[in-house]
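Values below: every heavy atom of this structure, side chains too, minus hydrogens, waters and symmetry copies.
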Amino acid sequence: MTSSERVKVVSKTVGTKVTIKSQPTGSNDTYSFVLSVPANTTTTETDSEFDITVDGNVAGSFTVRQAKKTSILVENKSTYSVLGGLTSANGTFVASVWDILETGYVTSSNTTAHAVSSLSTTGTFKVAFRNPTSFNEETSNATISLKGRDGVTRATATVSQTPVKLTLNPASITFENGQPNQTATVTVGTTNDGTISSGLTVSPESGSWFMASVSGNKVIVKTTAENDTGRARITNIKVTYKGTTIQISVKQNCDFDPYSTVNIGGVEWMRYNLGKSKFENGGSTFATKLPSECTDDPIKTKSHGRFYQWGCGEKSWESIGSRVSGWDEVTPPTGNISWLESKDPCPEDYRLPTKEEFVLLKNETTQTNAGGWNASDYGYIIFTSGNINLEFPAVGIRNRPSGILGYMGTYGNYWSSSQYDEEIGHNLNFSNNNVYPTGKYYKQNGLNVRCVKK
């Protein structure tokens with residue numbers, strides 16, 4: 001039997017913060033004592049060693065190991081803020097392996113915007129950030145927590161992501177001139193990130209009718225094609241800086257209105273030849289100039305429009321180039337009194353003219369000739385009624401059966417919706433000498449189309 005006065009606990013570690021608060025008390029084989037163990041303030045595991053002595057002799061030893069001071073950081077900060085888009089940020093934590101959960105020991109309060117990944121018991125993880133972000137979004141926040149085995153949070157860090165607040169000057173571009181090689185510049189700035197000197201990107205960098213490039217904080221937009229659609233066309237250019245995106249609205253107006261008409265004898269005639277049919281990709285297009293406006297091109301290409309075979313409105317053919325591939329050598333639909341409305345290539349609310357309307361056009365007007373009436377200087381006819389002029393270029397035809405060009409600049413030929421018989425359709429035919437409003441051509445030939453309003 002040993003008295004408690006003979007049993008002692010002796011510290012063997014110099015400078016330990018773990019101290020003996022009370023010496024052993026008890027009797028026989030059971031003794032108790034109290035140690036004072038404050039929280040560890042270091043990032044290492046600290047050991048304090050003690051001996052148990054009886055009458056000054058060592059009867060046993062033990063070690064008190066203190067857990068590391070728990071901490072959690074993102075990019076070495078307890079509060080981490082990012083401006084703009086970022087794929088992820090590195091995080092670290094300090095904790096004893098035996099003091100953390102087996103799984104899910106680092107969590108985020110906002111997994112939608114800032115999820116935790118690449119978690120390792122060695123003390124590393126990543127925090128995800130959205131990329132890109134829209135310039136008008138609000139700041140998103142999350143608390144990153146380190147949990148102990150008991151589920152109690154040991155340490156936290158906060159993260160936030162604020163989009164770069166982008167500005168555009170001007171906010172949109174309008175090209176009033178529908179011609180190519182028109183340029184405009186937009187200055188991109190920010191209200192929360194100083195001056196932009198580099199790092200801007202644009203998407204798409206090019207389109208079917210424009211190109212966009214970047215110089216410092218400037219976006220330069222240049223038209224690359226004439227707007228011959230007959231209406232304004234609009235697109236958006238995405239501008240991205242530090243993962244934040246803003247859009248520039250770009251509009252290109254059209255210099256002419258292909259849907260404008262003139263009234264002759266009660267018929268509303270379109271002023272321009274039909275280009276592509278309403279059934280083709282992109283819908284109806286038109287010649288973009290009148291013959292008299294083609295002062296820099298004696299062939300007057302922009303006044304031509306395209307060729308059609310009678311009764312077939314789904315496909316059109318180029319007015320230049322001697323031969324074409326894929327020419328339809330089969331006789332177009334027969335047995336119809338007129339070109340079927342379901343095959344009419346004219347845009348909605350318009351149609352092909354009838355034979356009788358071509359007759360009326362001749363009878364209600366005087367006709368004059370202009371141009372050279374040859375293959376190097378296309379001729380054209382002007383139908384005049386009072387102060388109204390209606391111009392038709394002499395584009396020629398595409399001959400059956402191969403689609404080869406013929407009569408370029410010397411004859412004009414325009415389909416009517418009326419047929420002569422199963423193989424032949426009526427058309428307006430003219431040269432520099434005569435106008436035949438009831439001309440006849442095999443339906444396989446390719447002729448121009450001029451639409452009238454329904």
Side-chain angles (χ1 to χ4, degrees), residues 72-92 106-118 125-145 156-176 182-207 209-224 232-253:
I72 188 166
L73 302 171
V74 178
E75 296 291 339
N76 296 318
K77 298 176 183 178
S78 59
T79 299
Y80 179 68
S81 299
V82 61
L83 188 63
L86 188 70
T87 301
S88 63
N90 294 319
T92 60
V106 177
T107 60
S108 170
S109 64
N110 183 357
T111 57
T112 300
H114 308 301
V116 171
S117 64
S118 303
F125 62 93
K126 289 185 181 295
V127 180
F129 290 88
R130 292 171 298 170
N131 187 14
T133 55
S134 172
F135 77 99
N136 57 4
E137 290 184 16
E138 298 299 324
T139 298
S140 59
N141 302 287
T143 298
I144 311 301
S145 300
T156 61
T158 59
V159 297
S160 64
Q161 181 184 28
T162 302
V164 177
K165 301 298 183 181
L166 296 175
T167 61
L168 300 174
N169 184 24
S172 61
I173 298 171
T174 298
F175 292 104
E176 297 293 349
Q182 307 298 306
T183 60
T185 300
V186 174
T187 301
V188 184
T190 79
T191 59
N192 61 351
D193 194 33
T195 301
I196 298 172
S197 58
S198 63
L200 282 182
T201 60
V202 292
S203 177
E205 293 186 353
S206 62
W209 54 273
F210 74 95
M211 292 185 65
S213 59
V214 172
S215 177
N217 68 334
K218 311 289 186 184
V219 177
I220 300 96
V221 183
K222 179 180 179 180
T223 59
T224 57
R233 49 190 177 190
I234 301 173
T235 190
N236 291 314
I237 299 175
K238 290 183 178 180
V239 180
T240 302
Y241 177 68
K242 290 188 176 180
T244 301
T245 299
I246 194 171
Q247 289 189 336
I248 302 172
S249 175
V250 182
K251 178 180 180 182
Q252 185 187 31
N253 286 328

Rounded at 0.5 Å granularity, tell me how far OG1 in Thr223 sits from CZ in Phe175. 5.5 Å
Gap between atom CD of Gln247 and atom OG of Ser203 - 0.5 Å precision: 10.0 Å
Can you list the steps and then say if Thr174 with Asn253 is a side-chain contact (heavy atoms from CB on, under 4.5 Å)? CA-CA 7 Å; Thr174 298; Asn253 286 328; 3.7 Å; yes
So salt bridge (charged side-chain N to carboxylate O under 4.0 Å, His left out) across residues 236-246, not counting sequence neighbours, yields Asp193-Lys242
With sequence neighbours excluded, give me every salt bridge (charged side-chain N to carboxylate O under 4.0 Å, His left out) pair touching residues 210-219. none
Residue set satisfying salt bridge (Lys or Arg N to Asp or Glu O under 4.0 Å) with Arg233, at least two apart, ordered chain then number -> none
Please identify each residue that fulfils salt bridge (Lys or Arg N to Asp or Glu O under 4.0 Å) with Glu75, with sequence neighbours left out. none
Does [X] reach the side chain of [Y], with side-chain heavy atoms less than 4.5 Å apart?
X      : Y      : value
Leu73  : Tyr80  : no
Glu137 : Arg130 : yes
Thr107 : Val116 : no
Ile234 : Ser249 : yes
Val186 : Val221 : no
Trp209 : Thr235 : yes

Not counting sequence neighbours, which residues clear ring pair (Phe, Tyr, Trp, His ring centres under 6.0 Å) with Phe129? List them please. His114
Quick one: side chain to side chain contact (heavy atoms under 4.5 Å, CB included) partners of [X], sequence neighbours excluded?
X      : value
Ile196 : Leu166, Val188, Thr190, Leu200, Asn217, Tyr241
Thr139 : Asn141, Ser160, Thr162
Thr112 : Asn110

Could I get the full list of side-chain hydrogen bond (donor to acceptor under 3.5 Å, both in side chains) partners for [X], not counting sequence neighbours?
X      : result
Asn169 : none
Thr158 : Thr79
Ser134 : Asn136

For Lys77 and Ala157, the nearest pair of non-hydrogen atoms, with its separation, is O-CB, 4.5 Å
For the residue pair Ile237 and Ala212, what are the closest heavy atoms and their distance? CD1-CB, 3.8 Å
Can you see whether Thr240 engages Thr245 through a side-chain donor-acceptor pair at a distance of less than 3.5 angstrom? yes
Compile the donor-acceptor pairs under 3.5 Å between side chains in residues 84-91 and protein atoms, sequence neighbours left out, one pair per line.
from	atom 1	to	atom 2	distance (Å)
Asn90	OD1	Lys126	NZ	2.5

Do any N or O atoms from the side chain of Thr244 and from the backbone of Pro163 form a donor-acceptor pair under 3.5 angstrom? no
Under a 3.5 Å distance rule, please check whether Ser108 uses its side chain to pair with a backbone N or O of Ile144 as donor and acceptor. no
